[in-house]
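Here is the naming used below: chain letters follow the sequence lines, and residue numbers restart at 1 for every chain.
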Protein chains: 2
Amino acid sequence: MNTMPDRLSDTLQALADPTRRAILARLAMGRATVAELAAPFAMSGPAISKHLKVLERAGLIERGREAQWRPCRLKAAPLREVADWLDTYRRFWEASFDRLDTYLEDLQTATREAKNVRTKNKRRTGGE
Amino acid sequence: MNTMPDRLSDTLQALADPTRRAILARLAMGRATVAELAAPFAMSGPAISKHLKVLERAGLIERGREAQWRPCRLKAAPLREVADWLDTYRRFWEASFDRLDTYLEDLQTATREAKNVRTKNKRRTGGE
DNA sequence: CGGTTATTTAACTGTATGGTTATTTACAAC
DNA sequence: GTTGTAAATAACCATACAGTTAAATAACCG
């Protein structure tokens, strides 16, 4: 993973941890202190600090500074980037009946191809 | 991360690698052999095999078996799960003007709160 | 200033990850 | 059976990651 051009990987990596997703869910309800964010988890303060650092580095949160407090706030832009990327695959889960037709068609093709193979017709079957 | 109930983490983790995302992009155009999937990358066969294993474990692909071939095919259900989860945050990036208003409001509130702190009113400022 | 609260940083640990080379397994052709 | 191709598995390595405790830093208060 290289640094600048791969925000998507950083975001997805940050989201891949359940603790960090839970932190985002809490921040979706409004900003919160580190202690508040830590409360639901049986883990140490530094562990929470590390999670927040990952989220901050990915641009998913920003950490404020008010006296000794470090209130955190959700930033949604990286989530949008993930959603936009996912949208390039939307046709695959929305055209589910189309996929079934294609599957059956491939099944018939595979049956015919199996016959051809038996007649010594060497062919690479991996391609579309 | 525990096993059964955390498919979302497995999926996001699998997607967090650029090589694996490129593999999915290729499979979006149709199923492909392992060699075809490996072609764009300067990496060894076993490395590709490992990536495919991660994708398979996350349910993002299925690996067929035809003679010595192992044609891979995209499975979109986990992507849909991620998209559905992301949708719970959609209001944050679609109501961007609302967020700006809230930000300005918070700024005024913070200004008033700073005054209160100067008058020795100890208060936790992290909450909403 | 000493004591307290809030949080971060440092150092450490065990496990996972993304890669490698070597080897094995699965299949086809002769 | 031998030889060849396709792919997976085994063993290894360096780095990353998610956690810990100890210590340090930042701020407040009497």
Side-chain angles (χ1 to χ4, degrees), chain A residues 1-3 6 9-10 12-23 31-39 41-58 61 63-72 113-114 116-127, chain B residues 1-3 6 9-10 12-23 31-39 41-58 61 63-72 113-114 116-127:
Chain A
M1 282 202 254
N2 52 2
T3 52
D6 203 6
S9 298
D10 288 346
L12 289 162
Q13 179 73 18
L15 295 174
D17 182 79
T19 302
R20 290 201 285 272
R21 289 201 301 282
I23 286 171
R31 65 180 185 172
T33 63
V34 175
E36 283 170 342
L37 294 174
F41 310 107
M43 72 174 59
S44 64
I48 291 292
S49 219
K50 280 189 171 179
H51 280 305
L52 293 177
K53 191 162 195 176
V54 170
L55 288 169
E56 188 180 32
R57 198 191 65 218
I61 67 169
R63 289 198 265 191
R65 183 171 186 150
E66 300 168 25
Q68 67 266 43
W69 312 99
R70 301 292 180 271
C72 303
E113 281 167 353
N116 288 346
V117 168
R118 283 207 294 268
T119 59
K120 277 177 147 356
N121 183 10
K122 177 176 181 179
R123 195 193 61 83
R124 198 165 86 185
T125 58
Chain B
M1 282 201 258
N2 53 0
T3 52
D6 202 7
S9 298
D10 288 346
L12 289 161
Q13 179 73 18
L15 295 173
D17 182 81
T19 301
R20 291 199 285 272
R21 288 203 302 283
I23 286 171
R31 65 179 184 173
T33 62
V34 175
E36 284 170 342
L37 294 175
F41 311 106
M43 71 175 58
S44 65
I48 292 291
S49 220
K50 278 190 173 178
H51 281 306
L52 294 177
K53 193 164 193 174
V54 171
L55 289 169
E56 188 180 33
R57 198 193 65 221
I61 67 168
R63 287 199 266 190
R65 182 167 186 155
E66 299 168 24
Q68 68 267 40
W69 310 99
R70 299 291 181 271
C72 303
E113 282 166 356
N116 288 345
V117 168
R118 285 207 294 267
T119 58
K120 275 174 135 20
N121 183 11
K122 177 174 182 181
R123 194 191 62 84
R124 197 163 86 180
T125 57

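No side-chain heavy atom of A:S49 sits under 4.5 Å from any side-chain heavy atom of A:R70. Taking the side chain as every heavy atom from C-beta outward, A:H51 and A:L37 never approach each other to under 4.5 Å.
With C:dT17, C:dT21, D:dT21 as the choices, the nucleotide that has an atom nearest any side-chain atom of B:Q13 turns out to be C:dT17.
Shortest non-hydrogen contact noted between A:L55 and A:R20 is CG-CD, 3.8 Å.
Computed from coordinates, the A:L15 CG to D:dC17 C1' distance equals 16 Å when rounded to whole Å. Rounded to whole Å, atom P of C:dC27 lies 13 Å from atom CH2 of B:W69. C:dT25 atom P lies 14 Å from atom CZ of B:R70, rounded to whole Å. The distance from atom CD1 of A:I23 to atom P of C:dT7 is 13 Å, rounded to the nearest whole Å. Atom CG in B:L12 sits about 14 Å away from atom P in C:dT17, given to the nearest Å. We find that CD of B:Q68 is positioned 13 Å from C1' of D:dA8, with the value rounded to whole Å. Atom-to-atom, CZ of B:R20 to P of C:dT17 comes out at 8 Å; the value is rounded to the nearest Å. The distance between atom CG of B:D17 and atom P of D:dT15, rounded to the nearest whole Å, is 18 Å.
Not one side-chain nitrogen or oxygen of B:R65 sits closer than 4.0 Å to the OP1 or OP2 atom of D:dA7. For the pair B:S44 and C:dT20, the criterion of a side-chain N or O lying under 4.0 Å from OP1 or OP2 is met. Between B:R63 and D:dA8 there is a side-chain N or O to OP1 or OP2 distance below 4.0 Å.
Contacts with DNA chain D (heavy atom under 4.0 Å) in residues 47-58 of chain A: A:A47, A:K50, A:H51, listed by number.
With salt bridges taken as basic N to acidic carboxylate O contacts below 4.0 Å, one links B:D6 and A:R21. The pair B:R31-B:E66 meets the salt-bridge criterion, since a charged nitrogen lies less than 4.0 angstrom from a carboxylate oxygen.
Ranked by how close their nearest DNA chain D nucleotide is to the 5' end, B:V34 and A:A67 are led by B:V34.
The main-chain N or O of A:A16 is found under 3.5 Å from a side-chain atom of B:S9 such that the two form a donor-acceptor pair.
Expressed to the nearest 0.5 Å, how far CG of A:D17 lies from CG of B:L12 amounts to 10.5 Å.
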